[in-house]
Amino acid sequence: MKSYVVSYALDYSHVVSIGLRANTADEAQLEAQRLFDAGDIWDDTPACPLLFDDYVEKDDNVLEFEAIEVDGWPQPDSSVTFHKRREIALEACRKLVAMLRRRQQGAPLGIDALDDLLELALQGTGQSLEPEGPCHQERIAQAGEA
């Protein structure tokens, strides 16, 4: 069988809504333009809360697929790795919360569980540690005490 990269593209509108206080709608629009031009419109401050920031699919889209034959799969785009890392980072957060809840109930924090959590967090952030890092050295020390 042959390999294909199959793609489609749909048109979207980037919709952003912020909260602003002004005397008139024109003043609010001018302030929004100033914030946009300064790159501050997404800052989400109490004076200017970010209320909506998403891409909305246009109604008149027609779904059309394009297939290109390839010898092998290309590396995933950064858009894909971003979402994968985000999901891994969220999983690390969920595990950290669960671990800390168990700790509040008196359970010990095992070094192996911390190492696993650290590895998950590193994957989620796209970082790495040297294999001889402090957690590894502490685990070796604990193993020697056993």
Side-chain angles (χ1 to χ4, degrees), residues 1-140:
M1 291 182 95
K2 297 178 182 179
S3 298
Y4 295 88
V5 171
V6 182
S7 304
Y8 70 91
L10 297 174
D11 291 329
Y12 286 81
S13 292
H14 184 198
V15 180
V16 175
S17 297
I18 58 172
L20 284 176
R21 296 196 184 280
N23 290 319
T24 65
D26 287 341
E27 283 181 18
Q29 289 172 333
L30 286 171
E31 179 61 8
Q33 183 68 56
R34 186 193 68 72
L35 289 166
F36 180 88
D37 293 344
D40 297 333
I41 199 164
W42 299 276
D43 286 355
D44 194 23
T45 65
C48 180
L50 184 61
L51 304 173
F52 186 87
D53 185 2
D54 205 354
Y55 293 87
V56 178
E57 188 177 325
K58 292 186 175 182
D59 290 333
D60 58 350
N61 277 320
V62 176
L63 185 61
E64 294 181 24
F65 290 95
E66 173 187 24
I68 299 172
E69 186 176 343
V70 295
D71 292 328
W73 306 132
Q75 288 295 315
D77 180 74
S78 62
S79 61
V80 173
T81 56
F82 171 81
H83 287 290
K84 286 181 179 181
R85 285 184 180 160
R86 182 176 181 273
E87 288 304 312
I88 291 169
L90 288 172
E91 180 64 19
C93 290
R94 285 188 285 271
K95 287 185 176 190
L96 175 62
V97 168
M99 182 184 295
L100 292 175
R101 284 189 175 144
R102 285 192 303 274
R103 176 72 178 115
Q104 286 176 328
Q105 297 168 353
L109 291 177
I111 193 70
D112 289 335
L114 288 174
D115 274 350
D116 293 345
L117 184 58
L118 175 60
E119 182 59 35
L120 196 60
L122 290 170
Q123 288 175 20
T125 59
Q127 299 178 25
S128 64
L129 286 181
E130 296 297 317
E132 299 300 318
C135 287
H136 179 76
Q137 291 168 1
E138 186 176 335
R139 186 168 2 115
I140 290 172

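The figures that follow rest on heavy atoms only: side chains count, while hydrogens, waters and symmetry mates do not. Because the structure is a prediction, the values reported are computed rather than measured. Along the sequence shown, residues are numbered consecutively beginning with 1.
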Note, Asp54 side chain near Val15 side chain (heavy atom, < 4.5 Å): no
Check: Glu27 and Leu20 side chains under 4.5 Å, non-hydrogen atoms: no
Do you know which two heavy atoms are closest between [X] and [Y], and how far apart they sit?
X: Ala67; Y: Val6; value: CB-CG2, 4.0 Å
X: Ile18; Y: Leu35; value: CD1-CD1, 4.2 Å
X: Val5; Y: Pro74; value: CG2-CD, 3.9 Å
X: Ala22; Y: Ala28; value: CB-N, 3.6 Å
X: Asp53; Y: Val16; value: OD1-CG2, 3.6 Å

Output the distance between atom [atom1] ([X]) and atom [atom2] ([Y]), rounded to the nearest 0.5 Å.
X: Leu122; Y: Ile88; atom1: CG; atom2: CD1; value: 11.0 Å
X: Leu114; Y: Glu119; atom1: CG; atom2: CD; value: 13.5 Å
X: Met99; Y: Leu117; atom1: CE; atom2: CG; value: 4.5 Å
X: Leu51; Y: Asp44; atom1: CG; atom2: CG; value: 8.0 Å
X: Leu100; Y: Leu96; atom1: CG; atom2: CG; value: 4.5 Å
X: Arg85; Y: Gln127; atom1: CZ; atom2: CD; value: 9.0 Å

Contact list for residues 70-114, test ring pair (Phe, Tyr, Trp, His ring centres under 6.0 Å), sequence neighbours left out: none
Should we say atom [atom1] of [X] is surrounded by more than 12 heavy atoms from elsewhere, each under 6.0 Å from it?
X: Tyr4; atom1: OH; value: yes
X: Tyr55; atom1: OH; value: no
X: Asp71; atom1: CG; value: no
X: Gln75; atom1: CD; value: no
X: Phe52; atom1: CZ; value: yes
X: Arg86; atom1: CZ; value: no

Ion pair check, Lys84 and Glu87, cut-off under 4.0 Å: no
Distance-only side-chain donor-acceptor flag, Asp26 / Thr24, under 3.5 Å: no
Any donor-acceptor N/O pair, Asp43 side chain to Thr45 backbone, under 3.5 Å: no
Plane angle bin for Trp42 and His14 - parallel if under 30°, tilted between 30 and 60°, otherwise perpendicular: parallel
